[in-house]
Amino acid sequence: MARRAVLVLTAALLSSSLTACSTSAPAPSSPSEAKAGSGKTITLGFAQVGAESGWRTANTKSVQEAAKKAGITLKFSDAQQKQENQIKAIRNFIQQKVDVIAFSPVVESGWDTVLKEAKDAGIPVILTDRAVDTKDTSLYKSFLGSDFVKEGKSAGEWLTAAYANKQGPVNIVELQGTTGSAPANDRKAGFAEAIRSDGKFKIVASQTGDFTRAKGKEVMQAFLKSQKNIDVLYAHNDDMALGAIQAIEESGKKPGTDIKVISVDGIKDAFVAMTEGKINVVVECNPMLGDQLMELTKKVAAGESVPPRIETQEGVFPQDKAAAALPSRNY
């Protein structure tokens, strides 16, 4: 009996020892997981504009794939091009206590209140692709994206060079992006600045096409009816340009020849249209911001200082370079 009691006691002690070991050892973490300053996995709340264009779809895919690769937990919201939806999403992110918030603002103004809420909650904010109009730049840590004014200037500079030896007037119609948005405001301003010094260039009609192909076609149809002589179409993005091309062809005119077409973004469909002679030049706006955004997210989550503005590298592609560049377009 005494021997049996000893065996039972020994087994109990061994079981207790094994249980203690299993509960005290931390679970191994994935080497790919990005950690915040506290050691926990970083959670990023990202409020996207919507899915209004091929560019935006590529941008979303880039962010989602980069977050997965970086080991960052991504909470994603699609605002469907409505500011109120983005504000609601940002407030939800604040309630969920994410580590970092990033968003591409639908329009430039009207963000101070919600950005102050994020700041008060101790959650750093990164602006991607589009900027905000605020006097208090402490409300966000950094802006990652393009120089839209420069893009507009590049479009205007191509036009002035193309028509340098031609007599005027040169009648231009402009398809603007979403009213109040940073790319619409800045691409318009940059283009106007580039053509201002030569009086033969005249913008005879300018209207929003909301960055969509369907609206671009609709507005171009109206331009063709209201304007007798259109020499150039300047579209703030490729999707509007591609919609406008349909309208031009349906009117019996030849896009790229009868009406020169200038566009911004650089999606694959636009390069195909250039190889077909339907678009004359595309100013690139790079949507592949995912990897840069994740690196920036890690830094701000760790409390590191970051530049207030980080620009992407982009180029200008005239028609004669389209065929060579087309195979490398991945969006």
Side-chain angles (χ1 to χ4, degrees), residues 33-52 56 59-146 178 180-183 287-312:
E33 287 183 342
K35 302 294 182 181
S38 62
K40 69 183 181 69
T41 301
I42 295 171
T43 299
L44 170 66
F46 184 73
Q48 181 61 285
V49 172
E52 75 282 2
R56 188 64 54 190
N59 180 243
T60 293
K61 185 178 179 182
S62 174
V63 170
Q64 291 172 333
E65 290 180 348
K68 185 176 181 180
K69 183 170 64 175
I72 290 174
T73 299
L74 181 68
K75 293 184 179 294
F76 181 86
S77 174
D78 181 338
Q80 299 178 329
Q81 293 182 271
K82 294 180 179 178
Q83 184 179 31
E84 59 266 31
N85 290 346
Q86 276 194 317
I87 291 173
K88 182 179 178 181
I90 292 168
R91 285 184 171 141
N92 284 338
F93 294 151
I94 294 169
Q95 290 175 358
Q96 293 173 48
K97 299 180 180 179
V98 302
D99 299 297
V100 180
I101 293 172
F103 75 110
S104 300
V106 175
V107 295
E108 286 190 291
S109 60
W111 299 103
D112 282 41
T113 299
V114 72
L115 288 180
K116 190 174 186 305
E117 290 171 18
K119 183 179 178 180
D120 291 344
I123 301 174
V125 173
I126 300 169
L127 305 177
T128 71
D129 173 43
R130 301 179 178 185
V132 298
D133 182 11
T134 179
K135 293 180 180 178
D136 186 359
T137 55
S138 71
L139 295 176
Y140 61 92
K141 292 293 183 181
S142 185
F143 165 80
L144 169 65
S146 304
T178 302
S181 68
M288 313 306 282
L289 306 180
D291 289 335
Q292 284 181 284
L293 175 59
M294 297 313 141
E295 287 303 312
L296 199 53
T297 296
K298 292 176 187 177
K299 288 179 180 179
V300 299
E304 297 179 26
S305 62
V306 295
R309 184 179 181 93
I310 301 170
E311 290 184 15
T312 51

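Basis for what follows: all heavy atoms, side chains included, without hydrogens, waters or symmetry-related copies. Residue numbers start at 1 and run along the sequence shown. No experiment lies behind these values; they were computed from the predicted model shown.
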Here the ring pair (Phe, Tyr, Trp, His ring centres under 6.0 Å) pairs for residues 108-136, sequence neighbours left out, are F103-W111
Can you tell me how far apart CG (L115) and CD1 (I94) are? Round to the nearest 0.5 Å.
8.5 Å
Roughly how far, to the nearest 0.5 Å, is the CD atom of Q80 from the CG atom of N85?
6.0 Å
Closest heavy-atom pair, L139 versus K119, reported as atoms and distance to 0.1 Å, is CD2-CD, 4.0 Å
With distance as the sole test, does R130 use its side chain to make a donor-acceptor pair with the main-chain N or O of P183 at under 3.5 Å?
no
Counting N and O atoms only, with roles assigned by atom type, does the side chain of S142 sit under 3.5 Å from a partner on the main chain of P307, one being a donor and the other an acceptor?
yes
What do the steps show when you test T312 against M288 for side-chain contact (heavy atoms from CB on, under 4.5 Å), and what is the final call?
CA-CA 9 Å; T312 51; M288 313 306 282; over 6 Å; no
For the pair D129 (side chain) and G145 (backbone), establish whether a donor and an acceptor sit closer than 3.5 Å, ignoring hydrogens and angles.
no
Would you mind telling me which of L293, L289, L144 makes a side-chain contact (heavy atoms from CB on, under 4.5 Å) with I310?
L144
Contacts of D291 that satisfy salt bridge (charged side-chain N to carboxylate O under 4.0 Å, His left out) - sequence neighbours left out
K69
From L296 atom CG to E304 atom CD, the distance as rounded to the nearest 0.5 Å
10.0 Å
Pairing residues for F93 by the ring pair (Phe, Tyr, Trp, His ring centres under 6.0 Å) criterion, not counting sequence neighbours
none
I need the D112 CG to K135 NZ distance, nearest 0.5 Å.
10.0 Å
Find out whether S104 and R56 are in side-chain contact, i.e. whether some heavy atom of one side chain is under 4.5 Å from a heavy atom of the other.
yes
Closest approach of A118 to V125 (non-hydrogen atoms, all atoms of both residues):
CB-CG2, 3.8 Å
Please check if the side chain of S62 supplies one atom and the backbone of G290 the other of a donor-acceptor pair under 3.5 Å.
yes
Checking E108 side chain against D133 main chain: does a donor-acceptor pair fall under 3.5 Å?
no
Non-neighbouring partners of T137 that pass side-chain contact (heavy atoms from CB on, under 4.5 Å), sequence neighbours left out:
Y140
Grab the two heavy atoms, one from A89 and one from S77, that are nearest each other, plus how far apart they are.
CB-OG, 3.3 Å
Testing the basics here: between I90 and A47, what is the closest heavy-atom pair and its distance to 0.1 Å?
CG1-CB, 4.5 Å
Using side-chain heavy atoms (C-beta onward) and a distance below 4.5 Å, is T113 in contact with I87?
no
If you measure from CD on Q292 to CD on E311, what distance do you get to the nearest 0.5 Å?
11.0 Å
Nearest heavy-atom approach of A301 to I42 is CB-CD1, 3.9 Å
Check the pair V100 / K141 against side-chain contact (heavy atoms from CB on, under 4.5 Å), numbers first and verdict last.
CA-CA 10 Å; V100 180; K141 292 293 183 181; over 6 Å; no
Just to verify, which of I72, I101, T128, V98 counts as forming a side-chain contact (heavy atoms from CB on, under 4.5 Å) with F46?
T128
How long is the span from the OG1 atom in T178 to the CD atom in Q83, to the nearest 0.5 Å?
12.0 Å
Which is it for V114 and Q86 under the side-chain contact (heavy atoms from CB on, under 4.5 Å) test, yes or no, and what are the steps along the way?
CA-CA 10 Å; V114 72; Q86 276 194 317; over 6 Å; no
Tell me every residue that passes side-chain contact (heavy atoms from CB on, under 4.5 Å) with E65, counting only those two or more places apart in sequence or in another chain.
K61
Pairs flagged by salt bridge (charged side-chain N to carboxylate O under 4.0 Å, His left out) wherever residues 73-91 is involved - sequence neighbours left out:
R91-E117
